[in-house]
Protein chains: 2
Amino acid sequence: MTLRRDVATTDLAVSTVIFALRPNDPLRRRPEPTLWLPLVRRLREPYDDHWALPGGPLGAEEDLPVAARRTLVATTGLTPKYLEQLYAFGNPARSPGQRVVSIIYWALVGTDEAARASVGQNVRWLPADDLPALAFDHNLIVDYALWRLRNKVAYSRIAHALLGQTFTLAELRQVHEVVLGEQLDPANFRRQALASGTLVATDDKRTGGRHRPARLYRYSDTETLADNGPVGPLLLSEEGS
Amino acid sequence: MTLRRDVATTDLAVSTVIFALRPNDPLRRRPEPTLWLPLVRRLREPYDDHWALPGGPLGAEEDLPVAARRTLVATTGLTPKYLEQLYAFGNPARSPGQRVVSIIYWALVGTDEAARASVGQNVRWLPADDLPALAFDHNLIVDYALWRLRNKVAYSRIAHALLGQTFTLAELRQVHEVVLGEQLDPANFRRQALASGTLVATDDKRTGGRHRPARLYRYSDTETLADNGPVGPLLLSEEGS
DNA sequence: GCAAAAGTGTTGCTAATACACCCATGC
DNA sequence: GCATGGGTGTATTAGCAACACTTTTGC
């Protein structure tokens, strides 16, 4: 299982597709929030000056999700509410020059956190549904992450990870609508969400609209999510093995 | 993205969990076939003399699924009907001594192929539901692969990949029953299988039982399977990118 | 004929959908 | 009051599970 290394060899990198819900660009004249993701500007060839997924080489004694979380903190200063391995990309042609195998994670960040995301000259948030040509095969990777996100939102209960600690059912429904790209019946969505048993009603309400105040709910972490990898629930804001 | 290497560094390996349906061991007194997988005997430390998943280091210019297919051919001499990436395992403690990140694939082999699998002193087929202690974290990996297989069989149409080119609906149903570990209603299974639109009736029938002959069907490859990774349908007997 | 599996028909339950309707707040 | 979304009730429908029943073979 040990491999003798000579000159040029295969590099191993860990990168992360980070999704957050942000108020839509005023220019786009759409009231609802949309999915955004932070990208880093490359400062050398190949793909100099292109945007790329945050990531980097795996630390010598570092576990894979730890590396993903580290790059997430490094680029955005944020803690994800959800983190899951996406796929390993290793096509020899995906990186000109040096061969690189990338293990990709994807993450969801809540609106509370996302509001205080750090930005800089070389880090920028771009809308997930309208990206420029990215470095390497990163457009393909983002598309695949979006596909997985839509799948998970449809049959799982992770949408809350894009909101804050508490949220109204209308807010949760809006997340589903934005991710899935379709309108959902408020009455039926409410029933399904409550029937899933993953939500806990709080005593608080959200006031301020020109209408009846909405009850606030929080997510019950006692429920496990599907397909978090073989090591059990990888995520949910704490722990890092 | 380039990484300077010094002395000890991280190894990258590709291994494959290979499933095939084989007639059950006469000792077990069960008439139905069960899932078996080929394992290779380790001939050195760590885990000397333990059974391990077939695999090895990634070739310098070799794509990941190509490496998986190569180790599959090397250990069994077989061509898989289905091949999909499972997960990347990278816990620093999973391999004593040298740090190894393993990208695992899982594969399904048809009964026609499996019948002429090569065996040797250091390759043995063992029943998936009754494995000894394997090398490294390979028990965990096999369990995860089994979980994925059961999931896929339940909501997708891949079970045919464990059979031959043509098969009766009863044979297909038996595959589902063995994988899921529960009895299924023949009438309802038939309707669902046919309604999926993935099966094509042939003019042939399977005779020989003390009962009415059963029509033979084949799988229609025009249908795409879900979650074959971002690169589209990875598999179905040919192609290797 | 008889056993056994192939294959078809029918019924009843469950769950999702569509949509009508009442409730409570801001203005 | 009235507009607006929060929240509840209910009829319709689609899909699935259960199971009775007919068909065609081997012996």
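Chain letters run A, B, ... following the sequence lines, proteins first and then strands; every chain starts at 1. Because the structure is a prediction, the values reported are computed rather than measured.
Across the protein-nucleic acid pair, Lys205(A) atom NZ and dG6(D) atom P stand 12 Å apart, rounded to whole Å. Atom CZ in Phe167(A) sits about 14 Å away from atom P in dG6(D), given to the nearest Å. Computed from coordinates, the Arg212(B) CZ to dC27(D) P distance equals 18 Å when rounded to whole Å. Atom CD of Glu171(A) and atom C1' of dG7(D) are 16 Å apart (whole Å). Atom pair Arg215(A):CZ and dG5(D):P shows a separation of 21 Å (rounding to whole Å applied). For the pair His211(A) NE2 and dC2(D) C1', the interatomic distance rounds to 15 Å; values are reported in whole Å. Atoms CZ (Arg190(A)) and P (dA20(C)) sit 19 Å apart, rounded to a whole Å. Taking atom CD of residue Gln183(A) and atom C1' of nucleotide dC19(C), one finds them 16 Å apart after rounding to whole Å.
Candidate nucleotides dG7(D), dA5(C), dA18(C) were compared by shortest atom distance to the side chain of Ala214(A), and dG7(D) ranks first. For Asp185(A), taking side-chain heavy atoms from C-beta onward, the closest of the listed nucleotides dT10(C), dG7(D), dC19(C) is dC19(C). Of the listed nucleotides (dT17(C), dA6(C), dT24(D)), dT17(C) has the atom at the smallest distance from the side chain of Asn188(A). Distances from the side chain of Gln192(A) to the nucleotides dA6(C), dA17(D), dT17(C) place dT17(C) closest.
Salt bridge absent: Lys81(B) and Glu113(B) never bring a charged side-chain N and a carboxylate O closer than 4.0 Å. Using a cutoff of 4.0 Å between basic side-chain nitrogens and carboxylate oxygens, Asp204(B) and Arg218(B) are not scored as salt-bridged.
Listed by chain and number, the residues in a side chain to side chain contact (heavy atoms under 4.5 Å, CB included) with Asn188(B) are Asp185(B), Arg191(B) (sequence neighbours excluded).
With 3.5 Å as the limit, one finds a donor-acceptor pair spanning the side chains of Arg94(A) and Ser102(A).
Summary of helix geometry: the two end axes of the helix from dG1(C)-dC27(D) to dC27(C)-dG1(D), each defined by five base pairs via their C1' atoms, are inclined to each other by 0° (rounded to 10°).
A donor N or O paired with an acceptor N or O is found under 3.5 Å between the base of dG9(C) and the side-chain atoms of Arg191(B). The base of dT25(C) has none of its N or O atoms less than 3.5 Å from a complementary donor or acceptor on the side chain of Arg210(A).
Annotation: Trp106(A) is not in aromatic contact with Tyr144(A) [ring centroid separation under 6.0 Å not met]. The ring of Phe167(B) has its center no closer than 6.0 angstrom to the ring center of Tyr217(B).
In this structure, Ala170(B) reaches the sugar-phosphate backbone alone: every heavy-atom distance under 4.0 Å involves primed, P, OP1 or OP2 atoms, never a base.
Side chain of His138(B) to main chain of Ala52(B): no donor-acceptor pair is present (N/O by atom type, distance under 3.5 Å, no hydrogens or angles).
The side chain of Arg206(A) contributes no N or O atom lying less than 4.0 Å from OP1 or OP2 of dG6(D).
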